[in-house]
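Note on naming: letters A, B, ... go to the chains in the order of the sequence lines (proteins, then strands), and numbering restarts at 1 for each one. Scope of the values below: all heavy atoms of this structure, side chains included, with no hydrogens, waters or symmetry mates.
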2 protein chains.
Amino acid sequence: MTPMFKIDHTNCADCPIRHRAVCAHCDANELEKLEGIKYYRSFEAGQTILWSGDQMNFVGSVVSGIASLTQTMEDGRTQMVGLLLPSDFVGRPGRESAPYDVQATTDLVMCCFRKKPFEEMMNETPHIAHRLLQMTLDELDAAREWMLVLGRKTAREKIASLLSIIARRDASISHEGNAGPIVFDLPLTREAMADYLGLTLETVSRQISALKRDGVITLEGKRHVTIPDMGRLMEEAGDDSDGGFLV
Amino acid sequence: MTPMFKIDHTNCADCPIRHRAVCAHCDANELEKLEGIKYYRSFEAGQTILWSGDQMNFVGSVVSGIASLTQTMEDGRTQMVGLLLPSDFVGRPGRESAPYDVQATTDLVMCCFRKKPFEEMMNETPHIAHRLLQMTLDELDAAREWMLVLGRKTAREKIASLLSIIARRDASISHEGNAGPIVFDLPLTREAMADYLGLTLETVSRQISALKRDGVITLEGKRHVTIPDMGRLMEEAGDDSDGGFLV
DNA sequence: GTTTCCACTTGATCTCTATCAAGGTTTATT
DNA sequence: AATAAACCTTGATAGAGATCAAGTGGAAAC
């Protein structure tokens, strides 16, 4: 079965969304139906988009920036449970409320669809339901991969795993699958990284310094990262070299 | 929208599956179509049902016993990424292979459907696709809830969280939502619990002893557990008392 | 130009959990 | 009844990461 939506980071001319996600522009048949319910929203870094328990009256895709899903315990401990990069889908068709906080980790633009009409369209067009199921399965795979990181990896491996995810995601967007050094800007503070990895920000800082000292990464300033050897980084992450991350 | 399948632990006369899962007997319209492709399979405790990467040519529901999903690193570290209790759905419609090992943790009976015809039926009957999306979202919620456990909870809280999940699940099956002590048999070895919680089996044993010493649980033998006060257990787990676990 | 603030780094120490090791129970096997 | 094989418990010790604390650097605000 060939997917009705183009996927995997191909852009179309008039839409900024990379098409791992559902997008109106990708399917001429749906375009008119969606045009009316589509809108863009911008958020500032640090802004909370939704609190856990809030009514969620839209679904959408990240256009630019990074959003994060966070769970919080009563005493304030927090764990990031999802990182939404450009092209990722946000939303829970058929669900009333958000089960975790959704935050803009950086300045963020989202392409939103009002939920009701989106769901109606989903019910009428089976391939969209099918596509959503596939995306949800992707997210489930990514969440489970992350459970291994959280449960069994050392601090150093955790950092390497996170850098590896961001590097791979970034590389696949900027220049299609070539070798050579990978360069990118870290979009997360040390604290956000710690929240994602189940560490403290001090440990994150120490391990980044260690990876730098050992030549696994190069840093200019605090955010600009160069990965001279991706294979080496993935060894440090404890992954089989071919890698199975899906985020 | 009312679900076409009965859900939430109601049994019908001729089917052993509790209906959080897709099941032929729950929808007369689909019954005949499914009859031909449905079959039961039994597994012994410890048996591996699927290795990571194997072709997955069926989907199905757990009828009795417990199955687990496990990820393994090259050096042997393992993390359980899912626990499948009776009524849980196993399978990845539209996917070729399993991304993790599937094992029978106890003796296990599954109700299986051959994948191809199941997928065809899914494509023809939108409400089954819809139901599968909802179930996958449930699993995603559970996985993300578990990320908080793995990333931020102490060993004691982790044990309490696991007991809490099993107790709640068990209680909702055996006697509909009443108060009073909850009694059940632990279906997992200390080692399996450790693999699920990102701990060692020694730490699991020590924390269970501690919970017993502190009167949070009572143990007869090594597996028979009594929870005198479920609220107390949930406090120990660090949950807001109303609890959000979805497993 | 100075001050303030925020993100980050580094050091010292402590604590929780892993690790190593030994022994105990229960259940199955001979 | 004796033996073996899982499974579990408990103790001693070590180590990874948390916690507490001080200080650096850079950018924005005054």
So, are Glu236(B) and Lys153(B) salt-bridged, with charged N and O less than 4.0 Å apart? no
Cationic tip of Arg41(A) within the cone over Phe58(A)'s six-membered ring, i.e. under 6.0 Å and within 45° of the normal? yes
In whole angstroms, the gap separating C1' of dT25(C) from CZ of Arg190(B) amounts to 12 Å
Sequence neighbours excluded, every pair satisfying salt bridge (Lys or Arg N to Asp or Glu O under 4.0 Å) that has a member inside residues 193-209 of chain B: Arg152(A)-Asp195(B)
Determine whether any donor atom in the side chain of Glu202(A) lies under 3.5 Å from an acceptor atom in the base of dC20(D), or the reverse, and answer yes or no. yes
Does any residue of residues 208-227 of chain A have a heavy atom under 4.0 Å from DNA chain C, and if so, which ones, in number order? Ser209(A), Lys222(A), Arg223(A)
Name the pairs: protein N/O against N/O of nucleotides 12-15 of chain D, kept only if under 3.5 Å.
{"residue": "dA12(D)", "atom": "N6", "partner": "Arg206(B)", "partner atom": "NH2", "Å": "3.4"}

Take the protein atom CG of Leu186(B) and the nucleotide atom P of dA6(D), then report the distance between them rounded to whole Å. 21 Å
Is Arg92(A) salt-bridged to Asp138(B), going by a charged N under 4.0 Å from an acidic O? no
May I have the distance from Leu188(A) (atom CG) to dA7(C) (atom C1'), rounded to whole angstrom? 13 Å
Can you tell me the distance, in whole Å, between the CD1 atom of Ile159(A) and the C1' atom of dC8(C)? 13 Å
Whole-Å gap separating C1' (dT19(C)) and CZ (Arg152(A)): 13 Å
How would you list, by chain and number, every residue that makes a side chain to side chain contact (heavy atoms under 4.5 Å, CB included) with Thr48(B), sequence neighbours excluded? Trp51(B), Gln103(B)
Looking at Lys222(B) and Asp185(B), does any basic side-chain N land under 4.0 Å from a carboxylate oxygen? no
Pairing of Arg144(A) and Glu139(B) as salt bridge, 4.0 angstrom limit: yes
Return the set of residues passing side-chain hydrogen bond (donor to acceptor under 3.5 Å, both in side chains) with Asp107(B) (not counting sequence neighbours), or none when no residue passes. none
Filtered N/O pairs between nucleotides 15-17 of chain C and protein, under 3.5 Å:
{"residue": "dT17(C)", "atom": "OP1", "partner": "Ala155(B)", "partner atom": "N", "Å": "2.8"}

Under 3.5 Å, is there a donor-acceptor pair linking the side chains of Thr203(B) and Thr200(B)? yes
Let me know the distance between CG of Leu201(B) and P of dT25(C), rounded to the nearest Å. 18 Å
Testing the basics here: between Gln79(A) and Tyr196(A), what is the closest heavy-atom pair and its distance to 0.1 Å? NE2-O, 3.1 Å
Salt bridge flag under 4.0 Å for residues Glu157(A) and Arg77(B): yes
